[in-house]
Trainee: 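Input: one structure, supplied below.
As the structure is a prediction and not an experimental result, all values here were calculated from the model. In what follows, every chain begins at residue 1, and chains take the letters A, B, ... in the order their sequences are listed.
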Protein chains: 4
Amino acid sequence: MTAMPATDRAGLSRAERRKAETRREIIDAAFACFAERGYHATGIADIAARLGMGHGTFYRYFENKRDIVEHVITDLVERILGALGAENAPEAVDTLEDYRQQSARIGEALASIFGSDLRMPRLLLEAPGIDQAMSDRMLELFDTTAQFTAAYLDHGVRLGYLRADLDVRATAHAINGMILGSVLAALRDPDPERQHRLGAAIRAVMYDGIAAR
Amino acid sequence: MTAMPATDRAGLSRAERRKAETRREIIDAAFACFAERGYHATGIADIAARLGMGHGTFYRYFENKRDIVEHVITDLVERILGALGAENAPEAVDTLEDYRQQSARIGEALASIFGSDLRMPRLLLEAPGIDQAMSDRMLELFDTTAQFTAAYLDHGVRLGYLRADLDVRATAHAINGMILGSVLAALRDPDPERQHRLGAAIRAVMYDGIAAR
Amino acid sequence: MTAMPATDRAGLSRAERRKAETRREIIDAAFACFAERGYHATGIADIAARLGMGHGTFYRYFENKRDIVEHVITDLVERILGALGAENAPEAVDTLEDYRQQSARIGEALASIFGSDLRMPRLLLEAPGIDQAMSDRMLELFDTTAQFTAAYLDHGVRLGYLRADLDVRATAHAINGMILGSVLAALRDPDPERQHRLGAAIRAVMYDGIAAR
Amino acid sequence: MTAMPATDRAGLSRAERRKAETRREIIDAAFACFAERGYHATGIADIAARLGMGHGTFYRYFENKRDIVEHVITDLVERILGALGAENAPEAVDTLEDYRQQSARIGEALASIFGSDLRMPRLLLEAPGIDQAMSDRMLELFDTTAQFTAAYLDHGVRLGYLRADLDVRATAHAINGMILGSVLAALRDPDPERQHRLGAAIRAVMYDGIAAR
DNA sequence: CATGAATGAGCATTCATTCAT
DNA sequence: AATGAATGAATGCTCATTCAT
């Protein structure tokens with residue numbers, strides 16, 4: 001017999017696990033509220049009401065409104081980056097054809113993530129309107145993801161299947177811009193068929209250019 | 001001589017002209033405030049104070065806060081579209097080389113517009129956070145500008161200097177996405193040299209692709 | 001004709017005068033509320049309601065709740081000190097008998113001030129419970145008034161009608177303590193007759209001591 | 001052997017004794033919190049945290065926040081009155097000189113109590129700001145202590161070493177006021193030397209008066 | 001027409017208290 | 001008996017909007 005509470009595999013006591021679960025639920029509820037009505041139109045009471053809990057309870061889990069949106073965004077970004085980084089890696093590719101296929105897989109993964117729940121891109125789109133700090137964070141996120149893309153490009157240049165004179169950093173921003181463009185287009189018209197054509201168009205621009213032969 | 005007030009060439013009386021001027025000033029002041037502090041952090045009093053006028057006066061020119069931001073955005077969009085459409089037209093080009101040069105001109109025009117006053121892209125970025133309607137409007141704007149781009153592409157396809165199998169609509173979104181990406185990059189790091197490289201990278205992707213020859 | 005608003009003798013425009021009046025009214029209403037229910041039990045809404053005005057209006061005149069109580073106390077202290085300093089001065093007295101009479105006048109003035117409105121001492125008594133800063137301020141006030149008393153004593157020592165070996169500063173605190181004691185007694189039992197006896201007892205202690213001859 | 005739990009000399013079971021101890025600890029912790037941060041700024045959680053116990057446990061020992069402060073003040077008052085009444089009694093004195101020495105002892109005892117822990121007078125000072133009832137109680141306390149002093153004076157008058165015409169009740173308030181004044185002065189400047197002079201000044205006023213011979 | 005005083009809906013946040021475990 | 005999670009009443013404060021002057 002010991003006074004120490006039983007812990008699970010992650011070393012968390014029952015209470016800690018419950019607390020983590022509730023935080024998870026609040027993050028999800030807040031995500032839903034923010035995405036549906038927007039950050040400024042959402043009250044803490046809305047988030048609590050969605051979970052059927054008292055609004056005072058919210059403050060047992062998060063400091064304040066700004067705190068929760070920070071966690072919501074962080075969670076969202078992690079989900080996106082996690083889904084992206086999961087099965088792909090720059091080093092996994094040797095030839096242009098492989099790269100093209102990898103691009104397609106990444107594009108499909110992105111389409112799957114965003115397409116599965118349009119609230120995700122919708123919230124990302126609204127995020128810069130929260131405040132200056134969040135706006136900066138979103139710009140930083142765009143830059144960060146461009147670095148991911150740059151890593152892929154860099155690998156291709158080194159292996160010789162991408163142009164040697166590629167301005168890797170700038171091109172990465174351009175490519176990510178195309179992806180962003182397709183996401184915005186999807187928000188207006190979430191037709192899967194159209195998403196597919198957007199992905200194809202992006203790859204066509206990347207590999208074939210737009211000029212006639 | 002009549003009792004009718006004198007009117008200028010546009011058929012506006014002196015009073016109407018004065019009113020239009022004041023509306024113009026309010027729009028400019030509101031633009032400045034919204035871009036600097038953000039829509040939600042800006043009060044009507046801030047806008048009025050910037051003009052040295054009473055904040056009650058504001059309501060003689062605009063319905064409410066939502067009304068003014070609508071006009072600010074409209075004005076902003078017009079400035080952008082106006083600057084773009086001014087000297088370029090899809091029909092003015094016959095060859096790929098011409099088109100490439102036209103692209104460069106358009107890119108420079110955009111860089112000039114946005115680069116000259118970063119408050120413009122900053123406000124556009126924050127706009128979707130104002131409310132759902134504004135978010136929709138921004139998505140619509142992205143679509144509208146894509147139609148502009150599509151017109152250029154369409155012209156090129158018809159004249160044969162762009163690929164016959166080009167998915168014009170989807171490609172237009174991709175290209176505009178690249179432009180959007182360069183704008184976002186400029187917001188993080190407004191170095192003109194970098195902007196120039198971003199523009200070049202966009203054109204390189206468009207015309208040369210990223211693949212090695 | 002001038003654009004300058006008409007001003008009264010104090011150089012205040014009509015609007016400024018009105019504003020000052022309203023501030024005065026708010027201070028009075030707040031004084032009443034704080035004295036009756038206590039600072040912490042009083043809401044801004046209570047103060048506003050007492051004046052029949054919206055509670056938002058309050059914030060046009062005072063920064064916040066702490067601000068108004070600061071002004072209420074300041075006003076209160078000024079009223080007390082003003083009433084005290086009005087007709088008395090240490091230099092106006094030459095003999096012990098004069099001083100004794102002056103003491104009686106000051107005592108009566110104090111009794112008149114506090115006795116006329118028991119909310120004044122009641123609020124002063126509650127003031128240290130507002131917060132640490134106010135508590136310090138009250139202690140400072142006690143010290144300040146002791147300096148007033150000390151000035152009287154000092155004058156008497158110099159003119160020779162008070163003991164040469166008087167510890168002026170310490171004695172001043174003792175005397176003011178007696179006054180404070182009579183105020184506290186008055187709060188419990190505001191019988192004028194009793195106040196009179198308290199004043200007489202204070203003077204008797206001061207001049208005759210308590211010892212039998 | 002019976003089912004009755006063992007009891008100590010006071011007739012308390014072990015559990016009752018433990019309960020009393022915990023109450024004692026809570027009172028002490030609450031006293032510390034209230035004196036340091038003030039009643040209104042102190043939360044029940046602060047008190048519990050100071051004892052390292054759950055704040056829910058608090059309510060097993062005291063009804064509510066108002067209840068604990070009542071006990072804290074009661075305890076405080078008892079400590080003061082106890083210390084005062086311990087070794088002194090009106091009847092223990094026969095002559096003015098004895099009385100003067102007794103006064104000095106009482107003064108020293110008070111200075112020792114308050115000076116040893118300034119939180120005591122600080123809490124008493126803040127107490128009237130808790131609510132009306134507590135304010136009344138503090139005034140009552142002042143009156144009660146004046147009755148103590150009055151008993152000493154009464155004894156002196158009866159034995160003839162104090163003035164026969166002394167207004168005992170009023171003079172008692174005046175004397176206690178001086179003591180109160182010295183306590184307030186100590187709160188501002190807790191210099192022991194100064195406290196000593198204040199005590200001496202009080203006795204000088206009492207026995208010698210302030211007038212020159 | 002300009003003004004700014006007045007307004008109150010609205011919201012984030014705190015914290016004493018309860019009660020299931 | 002101890003705990004601390006849950007609760008919601010309570011309140012200070014902001015600011016868009018109105019309207020009398």
Side-chain angles (χ1 to χ4, degrees), chain A residues 3 5 14-16 18-19 22 40-49 51-68, chain B residues 15 18-19 22 39-49 51-69, chain C residues 3 5 14-16 18-19 21-22 40-49 51-68, chain D residues 15 18-19 22 40-49 51-69:
Chain A
R14 182 190 304 264
E16 287 167 325
R18 181 75 192 98
K19 177 143 195 165
T22 303
H40 288 102
T42 297
I44 296 298
D46 297 322
I47 299 170
L51 293 170
M53 72 187 211
H55 65 274
T57 308
F58 169 89
Y59 289 92
R60 292 187 57 76
Y61 293 89
F62 293 95
E63 287 290 313
N64 50 41
K65 194 179 174 183
R66 196 51 176 66
D67 187 28
I68 181 65
Chain B
R18 181 72 194 102
K19 178 145 192 164
T22 302
Y39 173 76
H40 288 103
T42 297
I44 296 297
D46 296 321
I47 299 170
L51 293 170
M53 73 188 217
H55 65 274
T57 309
F58 169 90
Y59 288 90
R60 301 194 63 77
Y61 293 89
F62 294 93
E63 286 291 311
N64 50 41
K65 194 179 176 183
R66 196 49 179 69
D67 187 27
I68 182 64
V69 77
Chain C
R14 182 191 304 265
E16 287 167 323
R18 181 74 192 98
K19 177 143 197 166
E21 276 170 24
T22 303
H40 289 103
T42 297
I44 297 299
D46 296 323
I47 299 170
L51 293 169
M53 71 187 211
H55 65 273
T57 308
F58 169 89
Y59 289 93
R60 293 188 56 76
Y61 294 89
F62 294 93
E63 286 291 312
N64 49 42
K65 194 179 175 183
R66 197 49 176 66
D67 187 28
I68 181 65
Chain D
R18 181 71 193 103
K19 178 146 193 163
T22 303
H40 288 103
T42 296
I44 296 298
D46 296 321
I47 299 170
L51 293 170
M53 74 188 216
H55 65 274
T57 310
F58 169 89
Y59 287 91
R60 301 193 64 77
Y61 293 88
F62 293 94
E63 285 292 311
N64 50 40
K65 193 178 176 184
R66 194 51 177 69
D67 186 29
I68 181 65
V69 78

Trainee: Taking all non-hydrogen atoms of both residues into account, name the closest pair between His55(A) and Ala45(A) and its distance.
Mentor: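 So the two residues come closest at CB-CA, 4.1 Å.
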
Trainee: Between Phe62(B) (CZ) and dT18(F) (C1'), how many Å, whole number?
Mentor: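 It is 19 Å, rounded to the nearest whole Å.
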
Trainee: Report yes or no: is there a donor-acceptor pair, N or O only, under 3.5 Å between the side chain of His55(A) and the base of dT13(E)?
Mentor: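 For His55(A), whose side chain was compared with the base of dT13(E), there is a donor-acceptor pair (under 3.5 Å).
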
Trainee: Tell me what Thr22(B) touches on the nucleic acid: a base, only sugar-phosphate, or nothing, going by heavy atoms under 4.0 Å.
Mentor: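 Counting heavy atoms under 4.0 Å across all strands, no contact is made by Thr22(B).
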
Trainee: Given that both distances must come in under 3.5 Å, which nucleotide forms a Watson-Crick or G-U wobble pair with dA9(F)?
Mentor: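 Across all strands, the one nucleotide that pairs with dA9(F) is dT14(E).
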
Trainee: In Watson-Crick or G-U wobble terms, both distances under 3.5 Å, what is the partner of dA1(F)?
Mentor: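 Paired with no nucleotide.
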
Trainee: Just the rounded figure in Å: distance from P of dC1(E) to CZ of Phe58(B).
Mentor: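 One finds 16 Å between P of dC1(E) and CZ of Phe58(B), rounded.
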
Trainee: Between dT14(E) atom P and His40(D) atom NE2, what is the distance in whole Å?
Mentor: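 Between P of dT14(E) and NE2 of His40(D): 18 Å.
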
Trainee: Which nucleotide in the list dT7(F), dT3(F), dT7(E) gets nearest to the side chain of Met53(D)?
Mentor: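 The answer is dT3(F).
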
Trainee: Decide if atom CD of Glu21(C) counts as having more than 12 heavy atoms of other residues, nucleotides or ligands within a radius under 6.0 Å.
Mentor: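 Yes - once you tally the heavy atoms of other residues, nucleotides and ligands closer than 6.0 Å, there are more than 12.
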
Trainee: Below 4.0 angstrom from OP1 or OP2 of dA2(F), is there any side-chain N or O of Tyr59(D)?
Mentor: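 Negative; the distance criterion is not met.
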
Trainee: Roughly how far, to the nearest 0.5 Å, is the CG atom of Leu51(D) from the CZ atom of Phe58(D)?
Mentor: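 Separation between the atoms: 10.5 Å.
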
Trainee: Distance under 6.0 Å and angle within 45° of the ring axis: does Lys65(B) meet both against Tyr39(B)?
Mentor: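 Verdict for Tyr39(B): a cation-pi partner in Lys65(B).
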
Trainee: Start at the 5' end of DNA chain E and walk down; is the nucleotide closest to Gly54(C) or to Lys65(D) reached first?
Mentor: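 By nearest-heavy-atom nucleotide position, the 5'-most residue is Gly54(C).
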
Trainee: Roughly, in whole Å, what's the span from CD1 in Ile44(D) to C1' in dA5(F)?
Mentor: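 After rounding, the gap between these two atoms is 17 Å.
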
Trainee: Closest-nucleotide mapping onto DNA chain F: is Ala41(C) or Asn64(B) further toward the 5' terminus? I mean the 5' end.
Mentor: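 The answer here is Ala41(C).
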
Trainee: Less than 4.0 angstrom between a side-chain N/O of Thr57(B) and OP1 or OP2 of dT3(E), yes or no?
Mentor: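 Affirmative; the distance criterion is met.
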
Trainee: Nearest-Å distance, CZ (Arg18(C)) to C1' (dT3(E))?
Mentor: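 Atom CZ in Arg18(C) sits about 17 Å away from atom C1' in dT3(E).
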
Trainee: Is a donor on one side and an acceptor on the other found under 3.5 Å between the side chain of Lys19(B) and the backbone of Tyr61(B)?
Mentor: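 A pair under 3.5 Å: no.
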
Trainee: To the nearest Å, how far apart are Arg60(B) CZ and dG4(E) P?
Mentor: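 Arg60(B) atom CZ is separated from dG4(E) atom P by 14 Å.
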
Trainee: Whom does dG8(E) pair with, Watson-Crick or G-U wobble, provided both distances fall under 3.5 Å?
Mentor: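 dG8(E) is paired with dC15(F).
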
Trainee: In this structure, how many angstroms lie between the P atom of dT13(E) and the CZ atom of Arg66(A), rounded?
Mentor: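 Between P of dT13(E) and CZ of Arg66(A): 12 Å.
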
Trainee: Does Tyr61(A) put a side-chain nitrogen or oxygen below 4.0 Å from OP1 or OP2 of dA5(F)?
Mentor: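 So the side-chain polar atoms of Tyr61(A) never come under 4.0 Å of the phosphate oxygens OP1 or OP2 of dA5(F).
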
Trainee: Pick the nucleotide of DNA chain E nearest each of Lys19(B) and Thr42(A); which residue has the one closer to the 5' end?
Mentor: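 So the residue in question is Lys19(B).
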
Trainee: Once you apply a heavy-atom cut-off of 4.0 Å, does Gly43(C) come out as touching a base, just sugar-phosphate, or nothing?
Mentor: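 Touches sugar-phosphate only.
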
